[in-house]
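In the text below, chain A, chain B and the rest are named by the order of the sequence lines, each starting its count at 1.
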Amino acid sequence: MMTSMTKRLLVSFITIFLALSITFFLTRKMPGDIFHAMALDKMRTEGIPFDVAYERVIAIYGMASGEPLYKQYFAYLGNTIRGRLGTSIYYHISVNKIIAKAIPWTVFVCSISILLGFIIGSALGTVIAWKRKTILDPLASAYASITDATPSYIIATILLIIFAVNLKWFPIKGAYSVDVTPGFNLPFIGNALYHATLPILAYTIPGIGGWILTMKASAISVLGEDYVSAAKARGLKERRIAISYVGRNAILAPFTSLAIVFGSMLGGATLIESVFAYPGMGFFFGKAIGLRDYPLMQGLFLLTIGGVILATLLADFLYAAIDPRVRKGG
Amino acid sequence: MEMMMDLETKCLNPLWRKMKNVFKIVLIPFLLSCMLFCSPEKEEKTVLRTLGSWDMPPMYNGNPFAPGGVGAARDFIYGPLFGYDIFKGEFWPWLTLELEETPEMLTVKLRKDILWEDGTPFTSNDVYATFVIHGGLGEWSEIWRYVDKIEIPDSFTVVFHYGSTNSIIAKFFILTNFIEACAHIYGKWLDEAEGLLKSRKDMWQKAALGEDVKKLSVELGDRTYQFKENLHKFKPEKPVGYGPFKVRIVIPDEMVLEKSDTFWAAKNILFEEIRIGRFTTNELVWASFIAGEVDIEKPATPIDVVKAILRAQPKIKHIPVSDFTAFCLVINNERFPFSEKDFRKALAYIIDRDKVRMVALYYGTKVKYPCGLLPSVLDIWTTSEFRQILNPYILNHDKAAELLEGIGLIKDRDGYWMTMDGEKLNFEIATNPNTDWVLAAEEISRQLTTFGFKTNVRIIEGTLYGSTLGAGEYDMAIEFGISAKLHPVQGYRNLYKSREWIARVTRFVSKVTGPDGDEFDLDELQKELFTTSDPGSQRKIIEKLAWATNEYLPVIDLLEKNAQFFICDGVRVTGWPYGDELQNKFGFNFRIATLKWMIEGTLKPGPVRIR
């Protein structure tokens, strides 16, 4: 008889396999001819005839005569199992190499932003739930509604205009400057942090609102539980009730969401990365889709899907660790 | 405030205390040391800052033939044999000293003092290698279809032998394409490239004689693919050039070029570095200009943003320079009623072209006569007497109504036009999602709807746009219908050569009747222009083509696009020339123009240096 964890693992593998297969066929069925579009662009910019532009595009980016789709599919599956994500059609280098270069930037900015958003949002959510008859409640709700409704690239643009263009406190774009040597050294880390400040804020500001609302809702539901009333009746200190009784129980639901948010961060945030010209996964997602670079697209999809599934799995494990009821199969 | 303090005391004090400790012990020293170490004292340098694009590392490489190769550094490290002033019709030497031309050949004498960065002399072998490798890859057919062979009698002379069919623009491409292949590095691919080029020329010859070359073409395609794959595998970290600057470092966001000591006029170059930021989006470019971080670039910019930039940085100048392309309303000449000449003429009377320009591309140039000739070169190629016979199609709804009634269209009770059979005439304007294109389409749609033709805008994703138009699945569309960077023949080929893009899309029948009742074929006429070298004869043919385009309107020219240059003068760089000199040189290539002015001593470092 399979344990629940084995079942979950099996379901995760099946999900990944299905997602891989669907994305493989869907990406290839996307309409549009990128070579045609590139040739038109070349024709306009270089003032050469369309035929010549088309020849030139094929000479640089064109593929060899295509294999049947099913053969490509099995080859793709085989290579993926071996950890080879193929070669980018556009860049002519291994997709693994491209992802390896982009992923640290995305993880760097996103993980800091998500953690910051989660810590601040959850803390504020608990406080607001605890003091929900005060002015803090409508203020937090208004903040959450505004930041949730504002697209993150707008927030990014506002931050850019205020802090980079006008105040000149932070750089307008990029991940680090040419004067530092990339590596594990203080100048580089400092420089990267300095460049990442605005992207991190652009992610964090809208993130906080969501966490406030989630945590507040969760905490309010916990506040009505008998064990909280019992704790109050026993005369326990408010601080202890808030942290140990309310906070610890209320964090369970947001925690699952946090794991999934962490998983999906690998997809990057195309628009924020585009606003700050940040060289993360989002940048390459945009590029791969625009260029119909199937191997790169698939590699990025695989990573995002894998990230979400792994994070969900991890959330299950952690949930069990935090909540004894789950551990006991309750 | 009181409430927060209460909250802190009651719930969060222990947590706060722990966090504060962590902050004091770990984070503050870390951040302080980061700030200390990341801003070391550096020397001040004379720098020009611009923008460009390149593939980020790890894709970036130094192979000019491979994807990811060279990028924005190209214009600063390589160059053409000659530059070209389109308004003056003159070539000016860049890698060369002299140019001799006969109907059979073109001879160029190279400068003898050019060195590649690695110290190897730049010779005719490098020019030969560049042309042949591009030919082997199946590129530069605009040259190789008209050049039989390239001869290099000595190290500094290159002779291009024309074939039996010549073209007037082959010469432009020969002289203005960039020389990128150093023979001592790329020479190992030369034999294979020569073989492929020979096969390709044989195939063209057989195809011209009417032979079936399908099998040959497939075989050649496979060979070319293998050649390309091998050539693309060569990925040096940085390119080797011979220009005034060389690549020092490339990171995702910035490319730094430093002055090359081996450049022939290195002593004249007073700039130590060129820093190229990544051109990602127009918005980011505008922000960079407002922050005063860029010296020159040409982002497409709406009028309000232009004003904001000029307000924020008074030393910036905004100068529109022709892009030598025209925005057109492309018409599907196969569909009724667009197949009717008078209907197309009526459209030209209905559409307020200047309003379209103001809405879509404010800094574009007004088209006075829709005739397939760019407004900026109209006076160069036509006489004032000729221009008087061209129809300017000034906004005239009455004239349009008269023409429509003439082809049997009538108005319904609501004021909308329909056929005699009562069929309503509703149209669609296709456009790709570029903001200016969409704005133009929406404005025309509004004008046509107001006049009495219900017209919608259909926005089509970029990769689908070309194929949709190519398949003829549209009524009207926005396109760069005319593109004539070197010569008007390019625009007319695009309009009338059956295999060319706009001719394919408009499906216009190129046989027309002239003003004197004589019939002529516009496709044949553009072919004649393509091989006519005498400027006087060229003008006559151009006038005939312009008249026919103005009369038959296979497309309606809306405006001439201008590149919008923002130049920061007097900060890091000073001495930009303006007026005709700038228009002429920027019309060709603004980066090469910048280098030319640096060599001549016109452009000098400004008072502001960069660490």
Side-chain angles (χ1 to χ4, degrees), chain A residues 31-34 36-37 40 43-44 46-52 55-56 58-62 64-65 90-93 97-98 101 123 127 130-131 134 136 157 160-161 164-165 168 172-180 186-187 189-191 193-194 238-239 242-243 274-275 277 279 290 292, chain B residues 3 7 10-14 33-35 37-38 40 42 55-59 66-68 137-139 141-142 222 224-225 228 232 249 251-254 256 277-278 280-281 283-284 287-288 290-291 293 324-325 461-467 470 480 483-486 490 493-494 499-501:
Chain A
D33 178 352
I34 184 61
H36 199 283
L40 280 178
M43 175 190 89
R44 288 169 196 140
E46 294 177 20
I48 52 176
F50 178 73
D51 284 355
V52 174
E55 276 171 9
R56 199 169 285 188
I58 294 294
I60 303 174
Y61 304 109
S65 50
Y90 182 75
Y91 297 116
H92 284 235
I93 65 166
K97 216 170 166 180
I98 297 174
K101 205 78 181 177
V127 170
W130 193 255
K131 298 274 176 189
T134 64
L136 261 183
T157 309
L160 180 84
I161 292 168
V165 174
K168 296 184 181 173
I172 288 177
K173 58 192 165 74
Y176 58 96
S177 67
V178 283
D179 312 314
V180 292
L186 269 181
I189 296 169
N191 198 277
L193 263 176
Y194 176 55
E238 274 199 356
R239 186 191 63 207
I243 295 171
S274 161
V275 169
R292 300 291 192 275
Chain B
M3 188 187 63
L7 190 76
K10 285 181 179 171
C11 310
L12 303 170
N13 259 345
S33 48
C34 284
M35 286 163 78
F37 283 107
C38 76
K42 290 179 206 98
D55 289 327
M56 290 180 187
M59 282 76 75
L137 282 167
E139 300 172 22
S141 60
E142 70 275 25
D222 288 346
T224 308
Y225 181 79
K228 180 187 77 173
H232 288 184
I249 188 167
I251 64 168
D253 180 52
E254 199 168 24
V256 180
R278 172 176 292 283
T280 47
T281 57
E283 290 76 7
L284 210 54
S288 304
I290 290 173
E293 291 187 357
F324 300 105
T325 53
E461 195 264 336
T463 56
L464 281 172
Y465 189 60
S467 39
F480 281 115
S483 174
K485 284 191 183 293
L486 301 171
Q490 293 172 289
R493 271 173 91 74
N494 208 2
R499 287 178 60 209
E500 276 301 334
W501 177 239

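Looking at A:T157, there are no atoms closer than 4.5 Å to chain B (heavy atoms on both sides), in backbone or side chain. Heavy atoms of B:M56 lying under 4.5 Å from chain A belong exclusively to its side chain. Looking at B:S288, both its backbone and its side chain come within 4.5 Å of chain A, counting heavy atoms on both sides. Proximity to chain B involves both the backbone and the side chain of A:I172, based on heavy atoms less than 4.5 angstrom apart.
Two residues are said to be in side-chain contact when any heavy atoms from C-beta on lie closer than 4.5 Å; B:M59 and A:I98 meet this criterion.
Interface check for chain A: of the options B:G277, B:A484, B:A291, B:G470, the most heavy-atom pairs under 4.5 Å are formed by B:A291. Across A:K97, A:K101, A:K173, the residue that shares the most heavy-atom pairs under 4.5 angstrom with chain B is A:K173.
Taking CD1 from A:I161 and CD from B:E283, the interatomic distance works out to 10.0 Å, rounded to the nearest 0.5 Å.
Every salt bridge (Lys or Arg N to Asp or Glu O under 4.0 Å) that B:E254 has, sequence neighbours left out, goes to B:R49.
B:L284 approaches A:V275 most closely through the heavy-atom pair CD1-O, 2.8 Å. Taking both residues in full, the closest heavy atoms of B:A287 and A:L160 are given as CB-CD2, 4.1 Å, listed atom of the first, atom of the second, then distance. What you find for B:T280 and A:A277 is that their closest heavy atoms are CG2-CB, 3.5 Å.
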